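Model, not experiment: these values are computed from the prediction. In listed order, ligands and their atoms are each counted from 1. Here, residue 1 is the first one in the sequence, and each next residue gets the next number.
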Amino acid sequence: MTDKLDGGCACGAVRYRLGSAPLFVHCCHCRDCQRQTGSAFVINALIETDRIALLSGSPVPVAMPTDSGRPHDIHRCPACQTAMWSDYGRRPALRFVRVGTLDDPAALPPDVHIFTRSKLPWVALPPTAPAFDVYYDVKALWPAASLERRRAILG
Ligand SMILES: [Zn+2]
Ligand SMILES: [Zn+2]
C-alpha cells in the first residue's frame, strides 16, 4: 500500500498516509453528509486511527450537530479547514477518512451505498453496488478480516 494511499488537505499543511487498506468504504447519501460537504454524498474509508500516519500538520476536531443525536466530530486542517476524517460516536480508535482527500481518490471505491433514501435523483449507482435505504448489516457485508480488525479495536 504505502504511498498509494497518501492524502492531504487543500492548503498542503496536513499530509497523511494510510498504513493499509481500509476496513470498508461507505458512500453515504444522508442529509447530514450532503449538508456538511455541500454535495450529493460523502465517501468515507473506515480505518483504525493508528493506521493513519500524520506526515505533517494536525487536524482539529469540530463537533457537528446530527439528526441522530450521536456525537460526530469532523477533524479539519486548522489552516484551510478541509475536512480530513470523522469520529462518529467518539470512538477514538476508529476514523472515517474522507476519500476525496486522497491524492488518488479512485484507489478506494465504495463497498456500500447507505442512506439512499435521500440520494439525489440524478445520481445513478452501478447496478451491482450494494445499496441500502438506511444502514446495513455490518456482519453480513464486511470481509472476515475486516470484522476481525474491527473486533480488535471496538471489542
Ligand atoms: Zn490545509
Ligand atoms: Zn451520511
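Taking 2.8 Å as the threshold, Cys30 counts as a candidate ligand of the Zn ion (ligand 2), since one of its N, O or S atoms lies below it. Using a cut-off of 2.8 Å, one finds that His26 contributes no N/O/S atom close to the Zn ion (ligand 2).
For the side chain to side chain contact (heavy atoms under 4.5 Å, CB included) criterion with Ser86, the lone passing option out of Met64, Arg98, His75 is Arg98.
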Trace of the side-chain contact (heavy atoms from CB on, under 4.5 Å) decision for Leu94 with Ile153: CA-CA 8 Å; Leu94 180 65; Ile153 55 166; 4.0 Å; yes
Chi angles and distances behind the ring pair (Phe, Tyr, Trp, His ring centres under 6.0 Å) call for Trp85, Phe96: CA-CA 5 Å; Trp85 43 76; Phe96 287 55; over 10 Å; no
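Angle SG(Cys28) to the Zn ion (ligand 2) to SG(Cys33): 120° [nearest 10 degrees]. At the Zn ion (ligand 1), the angle from SG in Cys77 to SG in Cys11 is 110° when rounded to 10°.
You'll find the ring centres of His26 and Tyr136 inside the 6.0 Å limit.
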